[in-house]
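Please read these numbers as outputs of a predicted model, since none were measured by experiment. Every chain is numbered from 1 and lettered A, B, ... according to where its sequence line falls, protein lines coming before strand lines.
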Number of protein chains: 2
Amino acid sequence: MRKKMSEAAARKVTASDVAKRAGVSKWTVSRAFTEGASISPEAQERVLQVAAELGYRPNLLARSLTKKRTGIVGLVVDELENPNLFPILNEVTNQLQRKGYMSMLLNITSEHSDGSTLSLADQFQVDGLIFLGTLLNDELVQLAQDIRHIPLIVLYRNCDYPNIQVVATDGYRAGRDIAGLFIEQRFRRIGYMLGPFSQSTQLKRLEGFRDGLKEQGLEVEVILEARHYQRDCGFQALARYLDLTAPDARIEALFCENDILAIGALDALRARSDAIRMGVVGFDDIELAASPCYDLTTYRQPLELLVPEAIRRLTAEGEPAPKFLAPGQLVRRSSHLRR
Amino acid sequence: MRKKMSEAAARKVTASDVAKRAGVSKWTVSRAFTEGASISPEAQERVLQVAAELGYRPNLLARSLTKKRTGIVGLVVDELENPNLFPILNEVTNQLQRKGYMSMLLNITSEHSDGSTLSLADQFQVDGLIFLGTLLNDELVQLAQDIRHIPLIVLYRNCDYPNIQVVATDGYRAGRDIAGLFIEQRFRRIGYMLGPFSQSTQLKRLEGFRDGLKEQGLEVEVILEARHYQRDCGFQALARYLDLTAPDARIEALFCENDILAIGALDALRARSDAIRMGVVGFDDIELAASPCYDLTTYRQPLELLVPEAIRRLTAEGEPAPKFLAPGQLVRRSSHLRR
DNA sequence: CGCGGCTTTGCAACCGGGTGCAAAGCATTT
DNA sequence: AAATGCTTTGCACCCGGTTGCAAAGCCGCG
């Protein structure tokens, strides 16, 4: 017999039930479940045993009411379209669970791009928010800040508002690393493919890239612009460039703002009948990058450093720490080679 | 000045604060925020205005305490390794939000594969659970059933326990559809690649596939087994078969249990120096399947039917409805052609 | 034996909001 | 004018746990 959902929680075992059966007061039951509370070992054992018999589990919502702490962390994502988000989400939820937190997923879709979803999270009394989406704009973060004073972490992205904790990959350095790779390969004519958002995260990357090239007297010759972070847009952007540019006037190497665009670019190269040689490098190291038919050289963000740091800051006290920028790692495959 | 997380929620505006300022009792405030409550339009407007001024938002946790309904739905996923999960997760969270529910992500990792995570969800008083993981075994579902009597939905997968709501693609029919495709292409020697779990979901598919072939006097000649649902395993499984089987004794077409395996199989074919012609079909229609370098023919599960149905059942009253099996759709690309 | 100090337990009050009922307000009916 | 019915509002109490305090129990020590 299944009850309807709204009655589902009815007739649960409460602390008073346990108390009655164990011959103690409900306050003693509460203590038995509180770490380090003043209770005699015998009483505690007794209560825990009765609780197990009755299948009692404390109601965390009721507890939150007095504790002013829910153990719920809101993960703010955009439309979940970036495959790079997958491993991050996995790692974040996993590590939060390990620390006793639960993850509430706030999906900011185009129809909920106002603050309403954040407001709802607020009503659920989340203890903190982690912003994971690549497309999320800073205004939303700002909005969250107005709503309530809880820790706000922006992960994998930069954000220049005060009181926001930023935990991200060092984009400037990444740019320089890729520049170094191109120099090593003796490319002289170099392009960059930009995505739709010129956030400071990406701009830092471009800046590092430019500075790295400059040291060798090189510069970014062409900037291609993709309309969205989608393969098709990367494809279009490069295909159009190839159409408009004479073979001997073309760039020899292209650094794309992320792997999706880079893969689109590779597809564009492959689609041409005239064999075009161009080194292509992406960013993120998504799963598809390792596929043998792309074998994309890319830049891996240090998940194993960023996620723990983000979670640490979520629970840390005191003033917000300065930005945490960790170095990523170049993943050498074959797409950067002149083929 | 940022407070530490545990104090974050302190000093929030409560209903009593609003009541005092609006010159009414706190119960009137409560009514102003309750749909269809008995309250005069003037009082309501008054309260809402004061609430807006003070930035009051009802505490949903406190409300849940009396309502016996939290509006939180637990989404049980496994290690988030199946890319097919991405669009599902997006759609589910999105639609839940639209209905005023929040999604709590329960990540069942290898270290939390016992019921502890489900138990935690229970303590948060979730209104229902949706099982999304492909690898999640039925024992876990059974475990959830013991914990609490809330709606349990198994999405995209079969499950034969009673009182479990199953919402999935019609695997038998899918199997027949693929069989039909192979027959149409005049393949006569046919193989099937199995994943690690022989759950009834997959077995139904194989059954349909076999029945479809049988009608034309064909049968599944070879069954390859992949150890995990990973590209590498699909690769190994087919590569080994090719190594061991003489060219003229080989199958002509292969139906793989999911796209990841199929892509591994395509890689295995491509990696051989001797040009091998084999039609390959996958299942799920993940993003990578559309990549021009695989162009994988596959079978799309009807997201747009399954997700709304799952959510409907989550909130429906009364006895569990019978299994919901919706037909999927063959996605014809080029990998099924003899190349 | 009496006293101080420590641990253990019970209790009232509270977290923030919802329910059911009764009283108050008001208009309509006879 | 009194009786009736409806809407609106206030109130005591509840949801399931926690906190701070005070009382009770226990110990050793002078």
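- Listed pair Ser40(A) / dT9(C) meets the phosphate criterion, a side-chain N or O lying under 4.0 Å from OP1 or OP2.
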List the steps, then state whether side-chain contact (heavy atoms from CB on, under 4.5 Å) holds for Leu48(A) with Val50(A).
-> CA-CA 6 Å; Leu48(A) 290 182; Val50(A) 173; over 6 Å; no
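- Every residue was checked against the side chain to side chain donor-acceptor pair (under 3.5 Å) condition with Arg63(A), not counting sequence neighbours, and none meets it.
- The separation between Leu61(A) atom CG and dG17(D) atom P is 11 Å, rounded to whole Å.
- When distances are taken from the side chain of Leu65(A) to each of dG18(C), dT8(D), dC15(C), the shortest belongs to dC15(C).
- By the ring-ring contact (aromatic ring centres under 6.0 Å, His included) test, Phe33(A) is found to be paired with Tyr56(A), residues two or more places apart in sequence or in another chain being considered.
- A donor and an acceptor atom, one from each side chain of Ser25(B) and Thr28(B), are located under 3.5 Å apart.
- Here dG18(C) presents its C1' atom at 13 Å from CG of Leu60(B), a figure rounded to the nearest Å.
- Looking at every heavy atom in both residues, Thr117(A) comes nearest to Met102(B) through O-CE, 4.4 Å.
- For dT18(D), one of the phosphate oxygens OP1 or OP2 lies less than 4.0 angstrom from a side-chain nitrogen or oxygen of Arg63(A).
- In this structure, the CD atom of Gln123(B) is 13 Å from the C1' atom of dG16(D), given to the nearest Å.
- No side-chain donor from either of Glu45(A) and Gln49(A) sits under 3.5 Å from a side-chain acceptor of the other.
- Within 4.0 Å (heavy atoms only), Thr14(A) reaches sugar-phosphate atoms of the nucleic acid but no base atom.
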Expected rows: protein N/O vs nucleotides 10-13 of chain D N/O, under 3.5 Å:
| residue | atom | partner | partner atom | Å |
| --- | --- | --- | --- | --- |
| dG10(D) | OP2 | Ser25(B) | N | 3.3 |
| dG10(D) | OP2 | Ser25(B) | OG | 2.8 |
| dG10(D) | OP2 | Thr28(B) | OG1 | 2.9 |
| dG10(D) | O6 | Arg31(B) | NH2 | 2.6 |
| dA12(D) | N6 | Trp27(B) | NE1 | 2.6 |

Would you list the protein and nucleotides 22-26 of chain D atom pairs, both N or O, that sit under 3.5 Å from each other?
none

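- If you take CZ of Phe124(A) and P of dG16(C), they are 17 Å apart, rounded to a whole angstrom.
- Distances were taken from every side-chain heavy atom of Pro41(A) (C-beta onward) to each of dG17(C), dT9(D), dT8(C); the shortest belongs to dT8(C).
- As a whole-Å value, the separation of Asn59(B) CG from dG16(D) P is 16 Å.
- Rounded to a whole Å, the CZ atom of Arg57(A) is 16 Å from the C1' atom of dG17(D).
- Between Lys67(A) and dT19(D), a side-chain N or O to OP1/OP2 separation shorter than 4.0 Å is present.
- Listed by chain and number, the residues in a side chain to side chain contact (heavy atoms under 4.5 Å, CB included) with Ala144(B) are Leu118(B), Leu129(B), Phe131(B), Leu152(B) (sequence neighbours excluded).
- For Lys68(B), no side-chain nitrogen or oxygen approaches OP1 or OP2 of dG18(C) to under 4.0 Å.
- Of the possible donor and acceptor atoms, one in the side chain of Asp127(B) sits under 3.5 Å from a partner among the backbone N and O of Gly71(B).
- Taking the salt bridge (charged side-chain N to carboxylate O under 4.0 Å, His left out) definition, one finds that Glu309(B) meets it with Arg312(B), Arg313(B), sequence neighbours left out.
- Taken to the nearest 0.5 Å, the CG atom of Asn59(B) stands 6.0 Å off from the CG atom of Leu65(A).
- With distances taken from any side-chain atom of Thr66(B) to the nucleotides dG16(D), dC14(D), dT9(C), the minimum falls on dC14(D).
- Between Glu42(B) atom CD and dC26(C) atom C1' there is a gap of 13 Å when expressed in whole angstrom units.
- Here dT19(D) presents its C1' atom at 15 Å from CD1 of Ile39(A), a figure rounded to the nearest Å.
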